[in-house]
Enquirer: 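Got a structure for you, written out below as C-alpha cells; questions coming shortly.
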Amino acid sequence: MRRPGDRLFRGAAVGSGVFIVALISAIGLFLLLQAIPSLRANQVGFLTSGVWNTTSATDLQFGILYLLWVTVATSVLALALAMPISLGIALFLTHYAPRRLARPFAYVVDLLAAVPSIIFGLWGIKVLAPTLVPVAEWLNHNLGFIPLFAEGNVTIAGGGTVFTAGVVLAVMILPIITAVSREVFERTPREHIEGALALGATKWEMLRTTVLPFGKAGYVSAAMLGLGRALGETVALYLILSATTAVPELSFFDGGATIASKIALGAAEFNNPLTAGAYIAAGLVLFLLTFVVNALARAVVAGKKEYA
C-alpha cells in the first residue's frame, strides 16, 4: 500500500503535467479561434503572399511568406554560428580547463542568458552593426555570386540586415546550447574516458571516440532548443532589422521583420478584432513552428538510455 505522501506527490505531479498540456492546448485553441475570422476575410494567400496591409478591416491583405523567410534566415544563421562555438566552449569547460577556471568561466557564459533582449538589440544596432559592415561588404563583394550573399532589399551600410540580426541571435542562444551541451558531456561514463586514454588515445581522440558520440543527441537537442529561442526573439530584432516593404532577395543582407517583431510593430492595430486576428494568425504559425522545433529536440533525445 502506498503511503499518503506518495499518493499526494503522485497526484500533484500528474496534475501538473496535465495542467501544462491543457494550458498549451488552450493557447493553441485560442490562437486558432481568434485567427479564423481574419483568415476568412483575407484577400490574399496567407501562406503564399508577402503582402501585409491590415490598415482597413474591410480589405485585409496579409501573408507571412516574407516574414517567414526573415524569421527562418536569422534563426538558421544564428544556429550555424552558435553551434560550433558552443561545442568548443562546452568541451573546453568539461575536459580542458582547470576546475578552478571552468566553474567561474561557466558562470560568465551562463550570465549571457540574463542580459535583457533590449540590451542585445541596442548593442547590436549601435555597436555591432557598424563593426560588421566591412565584413558584410567583403562577403557581398567576394561571394555575391552565391544568392545568400548577394545584395538584399536594404543597404548593407545601414547594418539593419538579417546578417547582423543572425550574429546577435547567435550570442543570445550561445548560453543555452553551451549549458545543455556541457551537462551532457559531463555525464560521459568515466570508464569510457579512462579506457580510451589507457589504450593510448590522445585527448582529442578520446573526445572524438567517447565524449562526442555519447553527447551527440544531447548536443543536437540543445541546438534545437536554441533554435526555438531564436525563432521567438522579438525586441532585439525589432530594434535591429531595417523596416522595408520591398520584396526580399533571399539574401542575408535583406531587411524586413520576423513574425515576432512584426507582431510587436503592429500593436497599435489591435483595437479591431479582424486586424488583430491577422497578427494572431501569424502568431499561430510561430507557435506551431516553435512547437515543432522543440518536439524535434525531444524526439532526438527520446529512446537514448543515457539521457533517461
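Not measured: the values here are computed from a predicted model.
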Enquirer: Output yes when a side-chain donor or acceptor of Asp254 lies under 3.5 Å from a complementary backbone atom of Pro248, and no otherwise.
Expert: no
Enquirer: Of all heavy-atom pairs between Gly228 and Thr290, which one has the smallest distance, and what is that distance?
Expert: O-CG2, 4.0 Å
Enquirer: Hey, any chance Val115 and Val167 share a hydrophobic cluster, counting ILVMFWY side chains that come within less than 4.5 Å of each other, even indirectly?
Expert: yes
Enquirer: One pair to check against side-chain contact (heavy atoms from CB on, under 4.5 Å): Asp110 and Arg182. What are the steps and the verdict?
Expert: CA-CA 11 Å; Asp110 291 343; Arg182 188 177 73 243; 3.5 Å; yes
Enquirer: Between Leu128 and Leu81, is there shared hydrophobic-cluster membership here, with clusters defined by ILVMFWY side-chain heavy atoms closer than 4.5 Å?
Expert: yes
Enquirer: Within the supplied structure, the quantity of interest is the number of heavy atoms (other residues, nucleotides, ligands) at a distance under 6.0 Å from Lys203 NZ; does it exceed 12?
Expert: yes
Enquirer: Members other than Ile27 in its cluster, when Ile, Leu, Val, Met, Phe, Trp, Tyr link by side-chain heavy atoms under 4.5 Å?
Expert: Phe19, Ile20, Leu23, Ile24, Phe30, Leu31, Leu32, Ile36, Ile280, Leu284, Phe287, Leu288, Phe291
Enquirer: Leu250 and Phe163: same hydrophobic cluster, using ILVMFWY side-chain contacts below 4.5 Å?
Expert: yes
Enquirer: Is there a path of hydrophobic side-chain contacts, each under 4.5 Å between heavy atoms, that joins Val154 and Ile240?
Expert: no
Enquirer: May I ask you to list the residues sharing a hydrophobic cluster with Tyr107, side-chain cutoff 4.5 Å, ordered by chain and number?
Expert: none
Enquirer: What do you reckon, is CZ of Phe185 surrounded by more than 12 foreign heavy atoms closer than 6.0 Å?
Expert: yes
Enquirer: If you round to the nearest 0.5 Å, how far is CG of Leu231 from CD1 of Ile259?
Expert: 8.5 Å
Enquirer: Within the structure provided, determine whether Tyr219 and Val184 are in side-chain contact (heavy-atom separation under 4.5 Å).
Expert: no
Enquirer: Restricting to non-hydrogen atoms, name the atom on Thr210 and the atom on Ala196 that form the minimum distance, rounded to 0.1 Å.
Expert: CG2-CB, 3.9 Å
Enquirer: Could you tell me the separation between the OG atom of Ser117 and the CG atom of Leu239, rounded to the nearest 0.5 Å?
Expert: 9.5 Å
Enquirer: Which distance, rounded to the nearest 0.5 Å, do you find between the CG of Leu207 and the CD1 of Ile193?
Expert: 8.0 Å
Enquirer: Minimum heavy-atom separation for Ala236 and Met172, please, with both atom names.
Expert: CB-SD, 4.1 Å
Enquirer: Between Ser16 (side chain) and Ala12 (backbone), is there a donor-acceptor pair under 3.5 Å?
Expert: yes
Enquirer: Kindly determine whether Leu39 and Phe62 satisfy side-chain contact (heavy atoms from CB on, under 4.5 Å), including the steps that lead there.
Expert: CA-CA 9 Å; Leu39 290 172; Phe62 60 93; 3.9 Å; yes
Enquirer: May I ask you to decide if Phe46's main-chain N or O and Ser49's side chain share a donor-acceptor pair within less than 3.5 Å?
Expert: no
Enquirer: Which donor-acceptor pairs under 3.5 Å do side chains of residues 129-150 form with protein atoms, sequence neighbours excluded?
Expert:
| residue | atom | partner | partner atom | Å |
| --- | --- | --- | --- | --- |
| Thr131 | OG1 | Val127 | O | 2.9 |
| Asn140 | ND2 | Phe149 | O | 2.9 |
| Asn142 | ND2 | Trp138 | O | 2.8 |

Enquirer: Please list all pairs passing the salt bridge (charged side-chain N to carboxylate O under 4.0 Å, His left out) test where one or both residues lie in residues 217-236, with sequence neighbours left out.
Expert: Arg229-Glu233
Enquirer: Scan the side chains in residues 261-278 for donor-acceptor partners under 3.5 Å anywhere in the protein, sequence neighbours excluded, and list what turns up.
Expert:
| residue | atom | partner | partner atom | Å |
| --- | --- | --- | --- | --- |
| Ser261 | OG | Thr258 | N | 2.9 |
| Ser261 | OG | Thr258 | O | 3.2 |
| Ser261 | OG | Thr258 | OG1 | 3.0 |
| Glu269 | OE1 | Thr54 | OG1 | 2.5 |
| Glu269 | OE1 | Tyr279 | OH | 3.3 |
| Glu269 | OE2 | Tyr279 | OH | 3.3 |
| Asn272 | OD1 | Leu274 | N | 2.9 |
| Asn272 | OD1 | Thr275 | N | 3.3 |

Enquirer: Run the numbers on Ile64 and Leu47 for side-chain contact (heavy atoms from CB on, under 4.5 Å), then give the verdict.
Expert: CA-CA 6 Å; Ile64 62 163; Leu47 297 175; 3.7 Å; yes
Enquirer: Test side-chain contact (heavy atoms from CB on, under 4.5 Å) on Val168 and Ile125 and set out the steps.
Expert: CA-CA 9 Å; Val168 172; Ile125 194 61; over 6 Å; no
Enquirer: Would you say that Met224 contacts Leu79 through its side chain, given a criterion of any heavy-atom pair below 4.5 Å between the two side chains?
Expert: yes
Enquirer: Treating Ser221 as the side-chain partner and Ala217 as the backbone partner, does any N or O pair qualify as donor plus acceptor under 3.5 Å?
Expert: no
Enquirer: Nearest heavy-atom pair of Ala170 and Ala82: which atoms, and what distance?
Expert: O-CB, 3.7 Å
Enquirer: Can you tell me if Ser242 uses its side chain to pair, donor with acceptor, with the backbone of Gly255 under 3.5 Å?
Expert: no
Enquirer: Are Phe92 and Trp204 connected, step by step, through hydrophobic side chains (Ile, Leu, Val, Met, Phe, Trp, Tyr) whose heavy atoms are closer than 4.5 Å?
Expert: yes
Enquirer: Please find the pair of heavy atoms, one from Leu197 and one from Ala201, that lie closest to each other, and give the distance.
Expert: CD2-O, 3.6 Å
Enquirer: If you measure from CZ on Phe252 to OG1 on Thr74, what distance do you get to the nearest 0.5 Å?
Expert: 9.5 Å
Enquirer: Going from OG1 on Thr234 to OH on Tyr238, what distance comes out if it is rounded to the nearest 0.5 angstrom?
Expert: 11.5 Å
Enquirer: May I ask you to test the Leu91-Leu212 pair for a side-chain heavy-atom distance under 4.5 Å?
Expert: yes
Enquirer: With rounding to the nearest 0.5 Å, note down the distance linking OG1 in Thr71 to CG in Leu289.
Expert: 8.0 Å
Enquirer: Do Glu194 side-chain atoms and His192 backbone N/O form a donor-acceptor pair below 3.5 Å?
Expert: no
Enquirer: Test question: given the 4.5 Å side-chain rule for I, L, V, M, F, W and Y, name all other residues clustered with Tyr66, or answer none.
Expert: Leu65, Val247
Enquirer: Please report the shortest heavy-atom distance between Ala78 and Leu169, naming the atom on each side.
Expert: CB-CB, 3.4 Å
